[in-house]
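Have a look at the structure below, then the notes.
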Amino acid sequence: MPRTTRLSSSLLRAAAATGVAALTLTACGSGSGSDSASSGSGSVKVGLITKTDTNPFFVKMKEGAERAAKENGAELSTAAGKFDGDNAGQVTAIENMVASGVRGILITPSDSKAIVPAIEKAKAKGVMVIALDTPTDPESAVDALFATDNFKAGELIGEYAKAAMKGKTAKIATLDLAPGVSVGVQRHDGFLKGFGIDDKDPSVVCSQDTGGDQAKGQTAMENCLQKEPGINVVYTINEPAALGAYTALKAKGREKDVLIVSVDGGCTGTQAVKDGKISATSQQYPLKMAAEGVKAVVAYAKDGKKASGYTDTGVTLITDKAQDGVTSKDTAYGLENCWG
């Protein structure tokens, strides 16, 4: 799944008293013994902290940061939680990076609320903090947010599903992320708005959490089919959950007559759209998020001006079955711009 354009980086173990087992800290810089993302000891230090280092979305985000660091003469340190939701690991990473002298930290928060105190401590020491992909709660806890408009991403596939149903009575299953996670809530709410309904609408016949996991997505879909065998529209939080749903539907011989829509635009998911397993997906751009974040930290180091507010890094509806009134691009475009 990972693309082949990855830049090399050397490993540096975080020497924190706690959280060592949960976190790996890597650095690209002079004296690292491998391709360097910095041109010397006086380069700007930038930190990137992702939820995990295994999800293809975050692998691509790291690639974007590494490339931008090299292009801008910055020194990049990266860290990732041991699992999605590892707030303690992210707190340790922030503390380590502040101690190492970074000018800015880019972070995809695992827990949008719990990470805020650590971010506030970093900002108090003059470190600019930018959230990537996932906003903090409150969003104002960071200096800036570079992210997909997740509500818009959901809205696009909701509009698409509504148009594709062509007036037929919908029986909808929503395969969500987890309670209270902002990305999941925004995509879910956007889908409902795009379809022209709300959670209380009787057309929503089943809702299950998947954690964005393929196996859990399959189980969730099996549960929903037991509850309502006539489901004909499936919203999924991401493409792994969508592929899990497809597997469950195929086992019941229903894969041809159920509309599956999703969000992410990874290469595997986009190929699944091309193969007809997913009807449409909203594609986002993690490489751009990270690259713009690195540039913002370098600019801050040079002129002292912090990035602020929300920067929309774009979203595109990808499908090979375009619907009237819904703007989209085909899978040829999607595969040219996918990640993972």
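The residues of the chain are indexed from 1 along the displayed sequence. Atom set for the values below is all heavy atoms of this structure, side chains included, hydrogens, waters and symmetry mates excluded.
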Query raised in the report: Would Arg187 count as a cation-pi partner of Phe151, with NZ or CZ less than 6.0 Å from the six-membered ring centre and within 45° of the ring normal?
Result: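 Arg187 over Phe151 ring: no.
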Are [X] and [Y] in one and the same hydrophobic cluster, where Ile, Leu, Val, Met, Phe, Trp and Tyr link if side-chain heavy atoms are under 4.5 Å apart?
X      : Y      : result
Val127 : Ile115 : yes
Leu259 : Ile231 : no
Ile172 : Tyr246 : no
Leu76  : Tyr300 : yes

Report task. Just do the side chain to side chain donor-acceptor pair (under 3.5 Å) check on Asp176 and Gln208 with the steps written out, would you? Result -> CA-CA 6 Å; Asp176 297 301; Gln208 295 265 308; over 6 Å; no
Requested in this report: Check step by step if side chain to side chain donor-acceptor pair (under 3.5 Å) holds for Gln323 and Lys166.
Outcome: CA-CA 10 Å; Gln323 299 295 321; Lys166 301 186 186 304; 3.1 Å; yes
Query raised in the report: Ion pair present between Lys123 and Glu120, side-chain N to carboxylate O less than 4.0 angstrom?
Result: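 Salt bridge flag = no for Glu120 with Lys123.
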Requested in this report: Evaluate the side chain to side chain contact (heavy atoms under 4.5 Å, CB included) criterion for residues Ile105 and Ile49: first the C-alpha distance (whole Å), next the side-chain angles of each, then the deciding distance (0.1 Å), finally the verdict.
Outcome: CA-CA 7 Å; Ile105 293 174; Ile49 305 170; 3.8 Å; yes
Report task. Mind checking the CD-CE spacing from Glu66 to Met61? Nearest 0.5 Å is all I need. Result ->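 Nearest 0.5 Å value for the CD-CE distance: 13.0 Å.
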Report task. Given side chain to side chain donor-acceptor pair (under 3.5 Å), test Gln90 with Asp86 step by step and report yes or no. Result -> CA-CA 7 Å; Gln90 290 198 323; Asp86 183 11; over 6 Å; no
Query raised in the report: Which pair of non-hydrogen atoms, one from Pro109 and one from Ser112, has the smallest distance, and what is that distance?
Result: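 Here Pro109 and Ser112 meet closest at CB-CA, 4.2 Å.
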Query - Closest non-hydrogen atom pair between Ile119 and Ala141, with its separation - result: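 That closest heavy-atom pairing would be CG2-O, 3.5 Å.
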Query raised in the report: Can Lys162 and Glu159 be said to form a salt bridge (charged side-chain N to carboxylate O under 4.0 Å, His left out), step by step?
Result: CA-CA 5 Å; Lys162 180 73 171 179; Glu159 291 172 351; over 6 Å; no
